Amino acid sequence: MAYDFERIEKKWQGIWEQEKPYAAKTGDDRPKWYGLIEFPYPSGQGLHVGHPRPYTAMDIIARKRRMQGYNVLFPIGYDAFGLPTENYAIKNHMHPHDVTRRNVANFTSQLKMLGFGFDWDRMVDTTDPTYYKWTQWIFLQMWKKGLAYKATMPVNWCTSCKCVLANEEVVEGVCERCGSPVIQKEKSQWMLRITAYAQRLIDDLDEVDYIERVKIQQRNWIGRSEGAEVDFDTTAGDKMRIFTTRCDTLFGVTYMVMSPEHALLTKWMPMLKNADAVKAYQDAAAHKSELERTELSKEKTGVRLEGVAAINPVNGQEIPIFISDYVLATYGTGAIMAVPGHDSRDWDFARAFDLPIIEVVKGGNVDEAAYTDCETGELVNSGFLNGLPVEEAKEKMIAWLEEKGVGERKVNYKLRDWVFSRQRYWGEPIPMVNCPKCGWVPVPEEELPVLLPEVESYEPTDTGESPLSKMTDWVRCKCPKCGGEAQRETDTMPQWAGSSWYFLRYTDPHNADALASPEALKYWTPVDWYNGGMEHTTLHLLYSRFWHKFLYDIGVVPTKEPYAKRTSHGMILGEGGVKMSKSRGNVVNPNDVVAKYGADTLRLYTMFIGDFEKAAAWSDEAVKGCKKFLDRVWALAEAGPTGDEVSPAHETAVHQTIKKVSQDIEEMKFNTAIAAMMTLVNDFYKTKPSLGDMEVLLKLLSPFAPHVVEEMWEMLGFEGRAMAQKWPEYDEAKTVEQMKELAVQVNGKLKGTVTVPTGCPDQVAVAAAMAEPKAARAMEGMDVVKTIVVKDRLVNLIVKPKK
RNA sequence: GCCGGUGUGGUGGAAUGGCAGACACUACGGACUUAAAAUCCGUUGUCCGAAAGGACGUGCGGGUUCGACCCCCGCCACCGGCACCA
């Protein structure tokens, strides 16, 4: 019979509000376990059906840990600063603060409706001044250590958000958030020196238990490459420095290329015979968006500098210098040595400009294409390197360069410093003051937080300045150092700031004197298990690891790494496997599912839908199956089972299920854990279960469907709460059946099955197999030449015709 | 182009060297019902066959093995990430 989920879920959610079974106690004697989900951005649309998937998964693990005797911290909060709220506020003439408050209230009621076991007393909101005080405080510590700095440089500018973007926020040349084109703009920006941590961010990945593809993506994004920097003399007298990973190919250099933004160009401009053409090319490059630059990637363009040439240090040859936008200003030194024989981009360029191509590594045909697959091979046309294999040649060249003082070993990273200013209202004010006399001066720590002022309008300005800049009363202030007239910084922090350390605040969320007490941090950190989306691998995950390492260096946190373990979930797609979106009209609202089937069914279905790591398509039909399963369990409970012990008829199945469910939860194979419980329930329908059988089933099911399980627990007259019971243990010996069905094969082909006692001797199994009628028939007129027995699984009889 | 992943019934998916398709959805049949829904029981990879039975079957082509969805080599398709990174 269908159970009354509406009444039951309301009842137990009320009881949990009272009893607070999810409260974490700092400093408890039990072993601690800290499970973390990525806290949501409280959007106006409310909870999406994609949210419950990772939340339910970690909730199940957290509930299992509690039953295993751990002191569990499983917190929740809101990452509430950000553009959508600000844009909504502008459109609807509301204050972002009010929009946020409303959305947070809505999210909270939805999350409670789903029965997640969060410790609500530790709730955190990044827009709360008592929280962002510490976000600002961390920024000031970075400033003190020289990791925060102001720099004028070309930055990514979103034409629609009217705001700069971090490198990580530009996806295929467009804004990650709104999809508008991104252009390059010179702006003075606050930067965080994440590159200072590049090597440690790579190295310490070895110490953490992250799924491999997350580690790989982080390593690729940081993009370490080993090589050398080499100085080329020029006819202008200046040295031109380049970075190369292939210094062994120096004899193959036939020209040089600089990025159009290279600093030496300004100096050289007066001596260039074709200064106009060079300038024109620079202008054209500056006006290209990121998208255009990548779209035009095939055709190589450039301009030769007439009047300046470079000199190859290995042979003294004079070679031409070009500017081209295929060389990036932001990587390496912004200039390269071109080896057209062994680099396909250089080869394309050399062909376009009719430049000589020299083979320096044997193995390819450089007249037809660049021979780039040349990590092994032998050097030719290369003076003192001739005949050496590539690796040795590299080492010899580096030694030679260092000896002559024209170059040195060097490691480069693709990772760039983090552009940390945003020209928007709804973010943490950057706590800095610009004084005409003293320069940039930090706001004294005792004056934190620097509160966001009330403003008339949140509209971004077309001049690219923050809306805060119009608040002249707020902007004007006294210099904390000299007391003179000064101005506040009007840019705010990006959304990633608040989320870079929120997991630390959870350990001690109401602390007014520190971001968290050392005791709380020592007790709870690191996070034992963090689950989140792959889309945050190069943004949030990298940023928060960086902040954490910094906090470790200044003695604030006790661990080098914030998260001991990181897993990832797949997206929930709409019916038929397409992305859920408003425009397709296939968005499933959790409220509707809960109204129709109840929270326990939604929880169960999102776990049963498929492999947790992979994307899965929503199916309304399939949801019913999970409801049916809960109804079937309910009917078993209503039937009033008797007998306190696990019944002999179900003993093996019960122990097998305990084992399967226990192991599967650890591996996040929730779908097969649920399948195992379904199988057990199917058994219970064939043979009536005892009360003892039901007791085990309810304990196993409790983390998945907590409301209905508590109701049944109570109904069956058990003591206390199901969720507070000890997690069931299995006896390995009892998971083994008495009899086993063996597959019988003849020459590897399945003929039938025989049932034998578990663990019986091989001869017994073979004898039984040979007696199997179909096998016997297949063996007529044959000699058995070999028998293969896999214990408790199969017998394979290898036969061949009798002579 | 590079890196990573995936490919299994009508559908979602199980099985990481040992009976392919667990579990569930759909569909069909039966019981209950005046009837329907719900529920319970059963069937449900494809093809041939009345049946007994047989043949085929995990993207494609090879290989290793007594035995391959699983391991190896070569392709194809799709998904995700990165992409002129010197």
Side-chain angles (χ1 to χ4, degrees), chain A residues 1-2 171-173 211-217 219-221 223-225 227 242-247 249 257 259 293-294 296-300 324-328 330-339 342-346 348-349 372 412-416 534-535 537-538 570-571 575-577 605 608-611 613-626 628-629 631-632 635 669 671-682 685-686 741-753 774 785-799:
Chain A
M1 268 301 101
V171 178
E172 284 171 8
I211 50 170
E212 202 52 36
R213 58 197 170 119
V214 168
K215 288 191 183 185
I216 289 167
Q217 268 193 37
R219 284 197 196 99
N220 288 349
W221 186 263
R224 180 194 153 98
S225 51
I242 58 95
F243 173 72
T244 178
T245 55
R246 293 301 303 267
C247 62
T249 62
V257 190
S259 75
R293 267 184 114 146
T294 43
L296 297 171
S297 67
K298 277 175 199 157
E299 266 179 58
K300 295 279 177 287
S324 174
D325 63 3
Y326 87 87
V327 174
L328 306 175
T330 43
Y331 183 75
T333 63
I336 60 153
M337 62 179 214
V339 186
H342 304 280
D343 181 288
S344 52
R345 296 153 303 176
D346 296 346
D348 291 344
F349 191 88
T372 56
N412 249 317
Y413 302 92
K414 284 193 227 176
L415 185 69
R416 290 184 234 166
M534 281 306 286
E535 70 274 23
T537 301
T538 50
M571 251 197 312
E575 298 254 3
Y605 177 62
F608 189 61
I609 192 167
D611 185 337
E613 284 200 2
K614 289 184 204 140
W618 184 267
S619 159
D620 277 329
E621 286 298 335
V623 180
K624 286 186 206 159
C626 290
K628 198 164 120 185
F629 168 66
D631 282 335
R632 279 162 70 82
K669 290 161 76 174
N671 52 340
T672 50
I674 293 166
M677 288 188 277
M678 287 173 167
T679 305
L680 185 66
V681 167
N682 289 344
Y685 268 76
K686 291 189 184 93
E741 203 177 52
L742 305 189
V744 179
Q745 297 180 342
V746 176
N747 286 347
K749 256 194 167 320
L750 183 70
K751 290 298 166 188
T753 60
K774 273 198 233 168
V785 293
K786 194 175 173 186
T787 59
I788 288 147
V789 180
V790 181
K791 262 242 184 302
D792 298 334
R793 283 201 172 268
L794 118 173
V795 176
N796 188 5
L797 305 164
I798 311 302
V799 299

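A quick note: this is a predicted structure, and the numbers were derived from the prediction, not measured. We name chains A, B, ... by the order of the sequence lines, and we start the count at 1 in each one. The analysis underlying the following values was restricted to heavy atoms, covering all of them including side chains, and did not include hydrogens, waters or symmetry mates.
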> Which nucleotide, G4(B), C3(B), C19(B), lies nearest any side-chain atom of Asn220(A)?
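The answer is C3(B).
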> Would you say Lys215(A) places a side-chain N or O within less than 4.0 Å of OP1 or OP2 belonging to G81(B)?
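Answer is no, no contact under 4.0 Å.
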> Between N or O atoms, less than 3.5 Å apart, protein on one side and nucleotides 40-51 of chain B on the other: list the pairs.
from, atom 1, to, atom 2, distance (Å)
C40(B), OP1, Arg632(A), NH1, 2.7

> Report yes or no: is there a donor-acceptor pair, N or O only, under 3.5 Å between the side chain of Lys414(A) and the base of C82(B)?
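Such a pair does not exist between side chain and base.
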> In terms of base orientation, is G9(B) syn or anti, with the syn window spanning 90° either side of 0?
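Syn, since the glycosidic angle lies within 90° of 0.
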> Select one nucleotide: of G4(B), G54(B), A22(B), the one nearest the side-chain heavy atoms of Lys774(A).
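Comparing G4(B), G54(B), A22(B) against the side chain of Lys774(A), the answer is G54(B).
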> Using the P atom as the reference point in each nucleotide, state the distance between G1(B) and C75(B) in Å, no decimals.
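After rounding to an integer number of Å, I get 13 Å for this pair.
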> Nearest whole Å is fine: how far is A86(B) P from His342(A) NE2?
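Rounded to the whole Å, the gap is 17 Å.
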> Return yes if some donor-acceptor pair links the side-chain N/O of Asp343(A) with the main-chain N/O of Ala338(A) below 3.5 Å, else return no.
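No, Asp343(A) side chain to Ala338(A) backbone: no donor-acceptor pair under 3.5 Å.
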> Indicate the ring-plane relationship of Tyr326(A) and Phe349(A), choosing parallel, tilted or perpendicular according to the 30° and 60° boundaries.
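Tyr326(A) vs Phe349(A) ring planes: tilted.
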> Watson-Crick or G-U wobble partner for A86(B), using a 3.5 Å limit on both distances?
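When the pairing criteria are applied, nothing turns out to pair with A86(B), so the answer is none.
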> Categorize Thr753(A) for me: base, sugar-phosphate, or nothing, with a 4.0 angstrom heavy-atom threshold over every strand shown.
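The residue Thr753(A) makes base contact.
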> Looking at residues at least two apart in the chain, or sitting in another chain, which of them share a side-chain contact (heavy atoms from CB on, under 4.5 Å) with Glu741(A)?
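side-chain contact (heavy atoms from CB on, under 4.5 Å) list for Glu741(A), sorted by chain: Thr753(A), Thr755(A).
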> Across all strands, who's sitting opposite U65(B) as a Watson-Crick or G-U wobble pair, both distances under 3.5 Å?
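Because no pair has both required distances under 3.5 Å, U65(B) counts as unpaired.
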> Protein-nucleotides 63-68 of chain B N/O pairs closer than 3.5 Å?
from, atom 1, to, atom 2, distance (Å)
C66(B), O2, Asn796(A), ND2, 2.6

